[in-house]
Amino acid sequence: MLQLSIIRENKQQVIDRLAVKNFNATLLVNEIITLDEQRRSTQKQLDDTLMRSKLIAKEIGNLFKSGQREEAEKKRAESLQLKNTAKELERNLNELIVSLNEKLVELPNLPHESVPPGNTDKDNEVIFEEGEIPELPETAVPHWELASQYGIIDFDLGSKVTGAGFPFYRGQGARLQRALINFFLDEAIKKGYLEYQPPLLINEDSGFGTGQLPDKEGQMYFVEEDKLYLIPTAEVPVTNIYRNVILQEEDLPVKNVAYSSCFRREAGSYGKDVRGLNRLHQFDKVEIVQIAHPDKSYNVLEEMKNQVAELLQKLELPYRILKLCGGDISFTSALTYDFEVYSAAQKRWLEVSSVSNFESFQANRMKLRFKNKEGKTRLAHTLNGSALALPRVVAALLENNQKEDGIYIPEALRPYTGFNKIVK
RNA sequence: GGAGAGGUGGCAGAGUGGUCGAAUGCGGCGGUCUUGAAAACCGUUGACCUUCACGGGUCCGGGGGUUCGAAUCCCUCCCUCUCCGCCA
């Protein structure tokens, strides 16, 4: 959520910036400013009332002590009045705070100035492309065919045991998954990240902290009995480690990496892009998270971008990097790079990573701050990225590397798989 | 799941319903002393809202209540610990 002071002091800029996200903020911003003014004046009135009431309470104490009953009783009546006033004011104040927050939470993050305008993913800007698109043999088939031909992923079995979008990985398929997870984790650790194994369920406060709640609760699985949500990404638990935390400046940047399963209801996405591994309800992902100094977060974003690119190079996958346009960038993000790999049998680009700088948007929600050298507390910046999400990487690896005699594993992965190719 | 104990400042640990944002110790920071360090001594040391500032207000796990006045009493939720049961 945006800082009130920024909205107050740069009202027009906020409105103009949000227009890039195709978000008309004029009404909302005006409402927020009005509510904020009311809130502050009510707060002032309440503070004054409380001050008087505190003073009187002290006087009463002293009067009782010195035996001046009558005087004390008189003051007591006055105090009671103040108390009623205070109650009334407090009620108003709370109402104002609630409505203010409701409005504030509806405002998306401001897009970075380099975010291109646009409405849909068609308008995203391809900023980099690397790797050769492989020539496939005549017999080439999409990964879901390969999955059953080689017996490495069983979608039907998943449907039987759980439902659509929950595949079983089997034999060399399972081994490949495990290899990728270890490979990704090791690469991050080499770059100085601290590995975490987070809980897979999170509470409401955490969901709010990273911005999944209150808006996207329909996208998360919810355990009603315990009021817990299954994580849609490790970003949620790993960033929320720092909820209500004040770091020291020298602690920055914090670099954490976590492997986790991710759960997404994907309500409302149907059609052919859900075939095979393209879109699942449960999938595995290695996520990198950084908490950065506000002055350095864009350097960190570039660093993370390069890090993801390196992974794709090592996996020898053709990929491209997109800078998301205003219409496609998420509610919480200021700047996002998407990574897509080319899946040669499907002949399409698949998103395998999304690297974002949230600036202080999440930090403000979860009160993640640091104390600078002057001893002042400031909001930190949060960033995260997939490095990487497995299913579509697997899809591309399978499709692009299929040969007559099997599916070849890229060099970098072989120490992890323990085999060079997948065979029937 | 059952029974009990408890949640106070970075940590440890006091706190008769009134003068407690909170003793004390440790730690941190600054200083004196020292060639330097240690020790000793002195001072300082939370967050948030509001204000140009002075100042004012809120916060003793969360929420609610009693009272003129609550860290202190009551209710409720959460969490931790101990014992029992169950169990990967």
Side-chain angles (χ1 to χ4, degrees), chain A residues 1-9 32-105 197 199-209 213 222-229 237 240-252 254 261 291 360 363-380:
Chain A
M1 121 184 123
L2 296 175
Q3 286 169 266
L4 254 178
S5 57
I6 290 176
I7 300 171
R8 214 149 51 198
E9 287 153 29
I32 286 169
I33 288 175
T34 309
L35 282 168
D36 180 48
E37 276 162 5
Q38 288 172 7
R39 188 200 103 232
R40 280 186 296 164
S41 85
T42 308
Q43 169 109 52
K44 181 88 178 68
Q45 290 175 53
L46 176 62
D47 284 359
D48 291 346
T49 310
L50 286 174
M51 178 179 63
R52 292 212 327 248
S53 141
K54 269 176 100 165
L55 278 172
I56 289 177
K58 253 176 217 176
E59 283 172 30
I60 292 171
N62 290 330
L63 288 171
F64 271 125
K65 260 183 212 161
S66 57
Q68 294 170 271
R69 294 248 142 189
E70 254 173 63
E71 274 300 306
E73 290 299 333
K74 245 191 254 171
K75 292 269 178 192
R76 219 153 95 166
E78 191 182 344
S79 180
L80 262 168
Q81 277 227 320
L82 283 175
K83 192 188 167 173
N84 285 334
T85 315
K87 250 198 177 139
E88 181 70 30
L89 285 168
E90 203 180 331
R91 226 187 339 263
N92 291 345
L93 183 64
N94 284 337
E95 272 172 30
L96 284 166
I97 289 171
V98 167
S99 2
L100 180 59
N101 280 337
E102 276 171 6
K103 299 286 177 196
L104 217 43
V105 156
Q197 270 195 30
L200 303 182
L201 291 121
I202 47 116
N203 58 29
E204 193 184 343
D205 286 347
S206 295
F208 179 82
L213 297 176
F222 182 55
V223 181
E224 173 66 39
E225 197 167 2
D226 299 291
K227 310 285 182 220
L228 296 173
Y229 297 85
N240 272 283
I241 293 170
Y242 303 93
R243 174 151 48 80
N244 286 319
V245 166
I246 302 178
L247 295 161
Q248 298 300 314
E249 185 164 355
E250 55 267 28
D251 296 335
L252 302 175
V254 171
S261 292
I291 318 287
S360 61
N364 192 34
R365 287 175 156 242
M366 65 174 87
K367 303 276 166 284
L368 192 188
R369 291 160 294 173
F370 70 98
K371 194 171 279 210
N372 68 15
K373 301 255 160 52
E374 292 82 55
K376 286 199 71 176
T377 50
R378 290 184 64 186
L379 291 172

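By convention in this document, chain letters (A, B, ...) are assigned in the order of the sequence lines, proteins followed by strands, and residues within each chain are numbered from 1.
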*Could you work out the separation of G64(B) and A71(B) based on their P atoms and round it to a whole Å?*
14 Å

*Could you tell me the separation between the CG atom of Leu55(A) and the P atom of G69(B), rounded to a whole number of Å?*
14 Å

*Where Arg39(A) and Ile97(A) come nearest, the two heavy atoms and their spacing*: CD-CG1, 3.9 Å

*Between the main-chain N or O of Lys75(A) and the side-chain N or O of Ser79(A), is there a donor-acceptor pair closer than 3.5 Å?*
no

*Would you mind reporting whether Met366(A) and Val245(A) have side-chain heavy atoms less than 4.5 Å apart?*
no

*Is any side-chain heavy atom of Phe370(A) less than 4.5 Å from a side-chain heavy atom of Asp251(A)?*
no

*Starting at the 5' end of nucleotides 16-22 of chain B, put B wherever the base has a protein heavy atom under 4.0 Å, S where only the sugar-phosphate does, and a dash everywhere else.*
--BB---

*Please state how far atom CZ in Arg243(A) lies from atom P in C78(B), giving the value in whole angstrom units.*
16 Å

*asked:* Between C60(B) and U8(B), how far apart are the two C1' atoms, rounded to whole Å?
replied: 4 Å

_Let's see if you can work this out: which of G46(B), C49(B), C68(B) has an atom nearest to the side-chain heavy atoms of Ser79(A)?_
C68(B)

*U45(B) and G18(B): how far apart are their P atoms, nearest whole angstrom?*
26 Å

*Arg76(A) side-chain N/O to U67(B) phosphate OP1/OP2 under 4.0 Å*: no

_Crowding at CD, Glu204(A) (>12 non-hydrogen neighbours, <6.0 Å)_ = no

_Pairwise C1' distance, G63(B) and C78(B) [rounded to whole Å]_ = 10 Å

*Nearest to the side chain of Lys371(A) - G56(B), U51(B), G46(B)?*
G46(B)

*Quote, to the nearest angstrom, the P distance that separates C33(B) from C49(B).*
41 Å

*G28(B) to U34(B) separation - C1' atoms, rounded to the nearest Å*: 22 Å

*Counting heavy atoms from C-beta on, name the nucleotide in C68(B), G57(B), U50(B) closest to the side chain of Arg8(A).*
U50(B)

*Within the structure shown, what part of the strands sits under 4.0 Å from Lys227(A) by heavy-atom distance: base, sugar-phosphate, or nothing?*
nothing

*So, are Arg40(A) and Glu37(A) salt-bridged, with charged N and O less than 4.0 Å apart?*
no

_Any-strand Watson-Crick or G-U partner of G43(B), both distances under 3.5 Å_ = C29(B)

*Over how many whole Å does the gap from Glu78(A) atom CD to C68(B) atom C1' extend?*
10 Å

*Using heavy atoms to find the nearest nucleotide of RNA chain B for Leu4(A) and Lys87(A) separately, return the residue whose nucleotide is more 5′.*
Leu4(A)

_Contact under 4.0 Å: Thr377(A) side-chain N or O vs C48(B) OP1/OP2_ = yes

*Could you state the atom-to-atom distance from NZ of Lys376(A) to C1' of C48(B) in whole Å?*
13 Å

*U35(B) pairs with which nucleotide, Watson-Crick or G-U wobble, both distances below 3.5 Å?*
none

*asked:* Tell me the interatomic distance from Asp48(A), atom CG, to U58(B), atom P, rounded to whole angstroms.
replied: 12 Å

*Counting heavy atoms not belonging to Gln197(A), are there more than 12 under 6.0 Å from its CD?*
no

*asked:* So, OP1 or OP2 of G57(B): does either fall under 4.0 Å of a side-chain N or O from Arg52(A)?
replied: no

*When you check the gap from the basic side-chain N to the acidic O, do Arg91(A) and Glu88(A) get nearer than 4.0 Å?*
yes

*If pairing requires Watson-Crick or G-U wobble contacts with both distances under 3.5 Å, which nucleotide is the partner of U82(B)?*
A3(B)

*Rounded to the nearest angstrom, tell me the gap between atom CD in Gln248(A) and atom P in A47(B).*
10 Å

_Opposite nucleotide pairing with C52(B), Watson-Crick or G-U, both atom distances under 3.5 Å_ = none

*asked:* Rounded to whole Å, please give me the gap between CD in Glu37(A) and C1' in C49(B).
replied: 16 Å

*Could you work out the separation of G13(B) and U67(B) based on their C1' atoms and round it to a whole Å?*
29 Å

*Nearest-angstrom distance from the residue atom CG of Leu46(A) to P of C49(B)*: 16 Å

*Measure from the side-chain heavy atoms of Met51(A) and tell me the nearest of G57(B), C48(B), U51(B).*
G57(B)

*Which one, C49(B), U67(B), G57(B), comes nearest to the side chain of Asp47(A)?*
G57(B)

*First encountered from the 5' end of RNA chain B, between Gln43(A) and Asn94(A)*: Gln43(A)

*Is there side-chain contact between Leu368(A) and Leu379(A), with at least one heavy-atom pair below 4.5 Å?*
no

*asked:* Can you check the distance between G85(B) and C11(B), where both ends of the measurement are the C1' atom (answer in whole Å)?
replied: 36 Å

*Pairing residues for Lys44(A) by the salt bridge (charged side-chain N to carboxylate O under 4.0 Å, His left out) criterion, not counting sequence neighbours*: Asp48(A)

*Considering every strand shown, what is the Watson-Crick or G-U wobble mate of C73(B) when both distances are under 3.5 Å?*
G65(B)

*Give none if G21(B) has no partner; otherwise give the nucleotide forming a Watson-Crick or G-U wobble pair with it, both distances under 3.5 Å.*
none

